[in-house]
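Down below is the structure, laid out as structure tokens.
Side chains are part of it too, since the values below use all heavy atoms of this structure and drop only hydrogens, waters and symmetry mates. All values reported here derive from a predicted model rather than from experimental measurement. Convention: sequence-line order gives letters A, B, ...; per-chain numbering from 1.
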Protein chains: 2
Amino acid sequence: RKKTNPSFSNRGKTLEDELNDTNEYYLSNNIAVIHKKPVPIQVVNVKYPARSAAVITEAYFRSPSTTDYNGVWNGKYIDFEAKETKNRTSFPLQNIHEHQVEHMRKVSEQNGITFLLVKFTVLDRYFVVPYEYFEKKWERMIEGGRKSITLSEIEEMSIEIEARYNPRLDYLSALKKLQNNFN
Amino acid sequence: RKKTNPSFSNRGKTLEDELNDTNEYYLSNNIAVIHKKPVPIQVVNVKYPARSAAVITEAYFRSPSTTDYNGVWNGKYIDFEAKETKNRTSFPLQNIHEHQVEHMRKVSEQNGITFLLVKFTVLDRYFVVPYEYFEKKWERMIEGGRKSITLSEIEEMSIEIEARYNPRLDYLSALKKLQNNFN
Ligand SMILES: [Mg+2]
Ligand SMILES: [Mg+2]
């Protein structure tokens, strides 16, 4: 199961780059319209120099209240959070903010398709983890259990994506597989 | 048709405030999960003072490549752009960026629900203008026709929203009416 084709492996791209490439592929091939949301920034001071663009001179990063990516695929709402970990054996839940889990719960209740896209950077492996499975492990932590999801649990409850040339990370095909599993 | 109840009228709120209130109502009543996207900002310089939050010291506003709001309603993808005009007789199309129209076209092709929410601030009137109708007027402009949509055209091709106390601007009910019109 481990990806073995080095010609398509990391290449120093971040997960965000890989997903932007994938989403561009989906967009230009009329497969889906999915974008990364801008990072939320609180603007405190702006200067307006004569004859040039406004310059923000003081601003702060705010913590995101939703997920990284959302959009539409065949009329269906898609919403996900992308996370990388250097860990080799488990995915630490401290990577996820509570308000992001709350957001995904609400999306799931509205029958949106929501999931985590997890990359194990050292292993060079990628997984689509449906929110409905992830939630059980999140609740395990809340109830005092372990603060991570083991790799073998992830292997069991997710669809693995093989990184390719184009589209780089075909997570929509992974979602199709998941939907077939459900039916 | 003109709204006459002054107790629920403008109150100095911007359209963005009104929509944020509406979306909070939808969220807390489990009706839909719809958020305003953060304003896209290009960060150029960040300082990291000891023991305090990172400060952005140079950044610029970027023009948005998509629309203001998106989210999910009963599994369906919702995507819209909100625009105010002080004009009393027409809505100027220069208010809309070409790449936003392109985005709405792609959303429409993916069977997402996409529209403009237009406020005539002086008249205190609000309209849900479906993209599929708007597109015809946009194309009229491209082909050399008028650079605006007249108020009477908007009255014909839109669903008007009456501002209320809570939810302030019930655009999802307007969408239901539109869907009934289609069926
Ligand atoms: Mg992320
Ligand atoms: Mg706007």
Side-chain angles (χ1 to χ4, degrees), chain A residues 20 23-24 26-49 52-79 99 102-114 172, chain B residues 20 23-24 26-49 52-79 99 102-114 172:
Chain A
N20 288 346
N23 290 337
E24 258 179 48
Y26 288 152
L27 190 67
S28 58
N29 289 279
N30 299 316
I31 295 168
V33 181
I34 298 165
H35 289 283
K36 184 168 196 303
K37 289 177 215 164
V39 177
I41 287 173
Q42 192 191 357
V43 174
V44 175
N45 259 308
V46 185
K47 276 187 188 154
Y48 300 90
S52 58
V55 189
I56 299 163
T57 56
E58 184 186 355
Y60 299 90
F61 295 105
R62 289 187 346 216
S63 59
S65 56
T66 65
T67 44
D68 289 337
Y69 297 87
N70 74 356
V72 59
W73 173 47
N74 286 331
K76 280 173 284 193
Y77 178 73
I78 303 291
D79 188 305
H99 45 253
E102 177 72 6
H103 171 74
M104 288 189 281
R105 187 176 63 72
K106 285 184 170 280
V107 167
S108 171
E109 284 169 4
Q110 282 299 321
N111 295 311
I113 297 173
T114 180
L172 293 178
Chain B
N20 287 345
N23 290 337
E24 258 179 47
Y26 289 153
L27 189 67
S28 58
N29 289 277
N30 299 316
I31 294 168
V33 182
I34 297 166
H35 290 282
K36 183 168 195 304
K37 288 176 218 165
V39 177
I41 288 173
Q42 191 192 358
V43 175
V44 175
N45 259 309
V46 185
K47 276 187 187 154
Y48 299 91
S52 59
V55 188
I56 298 162
T57 56
E58 184 185 355
Y60 299 89
F61 294 104
R62 290 190 342 218
S63 60
S65 55
T66 65
T67 44
D68 288 338
Y69 297 86
N70 74 355
V72 59
W73 174 45
N74 287 330
K76 280 173 285 195
Y77 179 74
I78 303 291
D79 189 304
H99 45 252
E102 176 71 6
H103 171 74
M104 289 189 282
R105 187 176 63 73
K106 285 185 168 279
V107 167
S108 171
E109 285 169 2
Q110 282 298 322
N111 296 310
I113 297 173
T114 181
L172 292 178

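- Within the 3.5 Å criterion, the main-chain N or O of B:Pro38 finds no donor-acceptor partner in the side chain of A:Lys37.
- Contact of B:Asn45 with chain A is not made at all, since no heavy-atom distance falls under 4.5 Å.
- Of all the listed residues (A:Val107, A:Asp79, A:Val44), the one sharing the greatest number of non-hydrogen pairs under 4.5 Å with chain B is A:Val107.
- Among residues two or more places apart in sequence or in another chain, the side chain to side chain contact (heavy atoms under 4.5 Å, CB included) test is passed with B:Phe61 by A:Val43, A:Val46, A:Ala54, A:Ile56, B:Val39, B:Ile41.
- Although no hydrogens or angles enter the test, the distance criterion places no donor-acceptor pair under 3.5 Å between the side chain of A:Tyr77 and the main chain of A:Gln110.
- Taking A:Ser65, A:Pro40, A:Ala53 one by one and counting their heavy-atom pairs under 4.5 Å with chain B, the maximum is reached by A:Pro40.
- Within the 4.5 angstrom heavy-atom criterion, only side-chain atoms of A:Thr66, from C-beta onward, approach chain B.
- Salt bridge annotation for A:Lys106-A:Glu109: absent, with no cationic side-chain nitrogen under 4.0 angstrom from a carboxylate oxygen.
- For a residue to count as touching a neighbouring chain, one of its non-hydrogen atoms must lie under 4.5 Å from one of that chain's; by this rule A:Asn30 touches chain B with backbone and side chain alike.
- A donor-acceptor pair under 3.5 Å is absent between the side-chain atoms of B:Tyr69 and the main chain of B:Asn23, judged by distance alone.
- Of the residues considered (A:Asn111, A:Ile78, A:Leu27, A:Val72), A:Val72 shows the highest number of contacts with chain B, using heavy-atom pairs under 4.5 Å.
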